[in-house]
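Start at 1 and go down the list; that is how both ligands and their atoms are numbered.
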Amino acid sequence: MVKDYGEYFNLAHIEASSHIYGPGERFVVWFQGCKLACKGCWNREMWSFKSKQLIHKERLLEIILTTSNIKGVTFLGGEPMHQANSLWWLINQIRERTNLTIFLFTGYEQNELAQLGQLSNILENCDIVALGRYDENKKNINQQWIGSNNQIVIYPAGSRESEQPELINQVEIIIEADESIRILGFPDESLIKVMIIN
Ligand code: SF4
């Protein structure tokens with residue numbers, strides 16, 4: 001299961017500031033590579049394990065540690081568990097040096113994580129975990145943080161977070177200095193129409 005990029009992470013994307021991937025303002029890291037192949041996955045471009053954005057582990061840590069005003073760090077993908085060794089190194093460094101909370105999204109179920117030997121790491125080091133495959137037959141874009149009703153959000157014992165997901169569809173629209181626009185999240189069709197018209 002573990003894909004080894006040595007001293008590097010293979011990432012799809014980074015957002016230094018987002019408000020829709022967990023409580024408060026958060027640094028968000030999308031991993032590149034997922035073999036779980038959920039039917040209807042909205043991030044298929046993140047399935048490939050080819051190098052997309054290789055970043056040295058120490059460099060990513062430095063960027064996170066020098067980012068102001070964030071409450072925590074969120075990891076999603078792709079599948080973060082495919083780069084578990086580097087992920088746990090990074091999370092341990094963050095927890096040792098800061099009070100930033102950790103939110104992990106994984107497509108694995110709890111029993112699978114136990115079989116992979118990853119469940120105890122998750123329960124000891126994460127504040128919030130969104131678990132389970134995306135199931136397009138149970139799609140729900142009006143549930144904060146998850147995409148289908150079979151997925152669950154858990155707060156391991158000792159979690160420093162208590163904010164619960166709401167029944168809302170959150171989308172973040174980022175307008176860059178050069179006036180280019182990026183959309184985070186999955187807007188429903190009515191919002192897409194409004195954006196196209198405008
Ligand atoms: S686990 Fe996530 S990224 Fe991987 S196939 Fe499923 S929905 Fe897509």
Side-chain angles (χ1 to χ4, degrees), residues 1-5 8-15 18-23 26-55 60 72-88 90-91 102-123 125-156 165 167-172 182-189 191-192:
M1 177 200 66
V2 174
K3 183 79 176 160
D4 187 7
Y5 297 94
Y8 292 80
F9 285 104
N10 186 17
L11 302 182
H13 186 62
I14 291 172
E15 284 291 337
S18 171
H19 293 82
I20 66 169
Y21 296 100
R26 309 185 72 81
F27 192 102
V28 185
V29 180
W30 282 262
F31 283 68
Q32 180 67 37
C34 181
K35 71 168 191 178
L36 298 182
C38 304
K39 194 176 168 203
C41 169
W42 295 345
N43 288 334
R44 288 184 68 108
E45 72 282 3
M46 297 181 194
W47 285 13
S48 169
F49 287 96
K50 286 185 187 162
S51 300
K52 170 104 184 263
Q53 192 176 327
L54 290 181
I55 180 167
L60 181 57
V73 186
T74 297
F75 299 99
L76 68 168
E79 176 51 60
M81 284 294 99
H82 293 327
Q83 298 178 59
N85 294 342
S86 295
L87 175 66
W88 295 125
L90 181 63
I91 288 176
I102 305 295
F103 190 168
L104 173 69
F105 288 74
T106 173
Y108 286 103
E109 314 283 347
Q110 287 197 64
N111 63 328
E112 294 175 308
L113 291 164
Q115 286 169 7
L116 293 167
Q118 295 294 343
L119 187 58
S120 57
N121 273 335
I122 287 176
L123 298 179
N125 293 296
C126 298
D127 297 283
I128 314 181
V129 191
L131 291 156
R133 308 282 196 281
Y134 171 68
D135 182 341
E136 67 176 352
N137 296 318
K138 296 174 181 163
K139 176 180 175 181
N140 182 357
I141 61 170
N142 295 313
Q143 172 72 60
Q144 207 176 17
W145 306 339
I146 60 174
S148 59
N149 287 328
N150 60 298
Q151 296 172 313
I152 61 170
V153 177
I154 65 168
Y155 300 76
L167 295 174
I168 54 173
N169 179 357
Q170 276 192 313
V171 175
E172 202 162 30
R182 286 181 297 116
I183 302 170
L184 301 179
F186 298 97
D188 63 25
E189 289 178 6
L191 179 55
I192 292 172

Practice problem: Return the residue, atom name and 0.1 Å-rounded distance of the protein heavy atom closest to atom 2 (Fe) of ligand 1. | Solution: Gly78 O, 4.2 Å
Quiz item: Which atoms of ligand 1 are found less than 4.0 Å from any heavy atom of Ala37?
Solution: 5 (S)
Practice problem: Start with the C-alpha gap between Asn43 and Leu76, add the side-chain angles, then the distance that decides, and say whether side-chain contact (heavy atoms from CB on, under 4.5 Å) holds. | Solution: CA-CA 11 Å; Asn43 288 334; Leu76 68 168; 5.7 Å; no
Quiz prompt | Passing candidate, side chain to side chain contact (heavy atoms under 4.5 Å, CB included) with Leu131, options Asn150, Leu104, Ile146, Ile152 | solution = Ile152
Quiz item: Can an N, O or S atom be found in Cys38 less than 2.8 Å away from atom 4 (Fe) of ligand 1?
Solution: no
Quiz item: Say you draw a straight line from NE2 of His82 to NZ of Lys3; how long is it, rounded to the nearest 0.5 Å?
Solution: 10.5 Å
Quiz prompt | Spacing of Phe27 atom CZ and Tyr21 atom OH [to the nearest 0.5 Å] | solution = 14.0 Å
Quiz prompt | Closest protein heavy atom to atom 8 (Fe) of ligand 1, given as residue, atom name and distance to 0.1 Å | solution = Cys41 SG, 2.3 Å
Exercise. Decide yes or no for Asn121 and Leu87: does some side-chain heavy atom of the first lie under 4.5 Å from some side-chain heavy atom of the second?
Key: no
Self-check item: Atoms in ligand 1 with a heavy atom of Tyr134 nearer than 4.0 Å
Solution: 7 (S)
Quiz item: So, does Trp47 sit close enough to ligand 1 that a heavy atom of it is under 4.0 Å from the ligand?
Solution: yes
Self-check item: Separation of Phe49 CZ from Cys34 SG (nearest 0.5 Å)
Solution: 6.5 Å
Practice problem: Tell me which protein heavy atom sits closest to atom 4 (Fe) of ligand 1, plus the residue, atom name and distance to 0.1 Å. | Solution: Cys34 SG, 2.3 Å
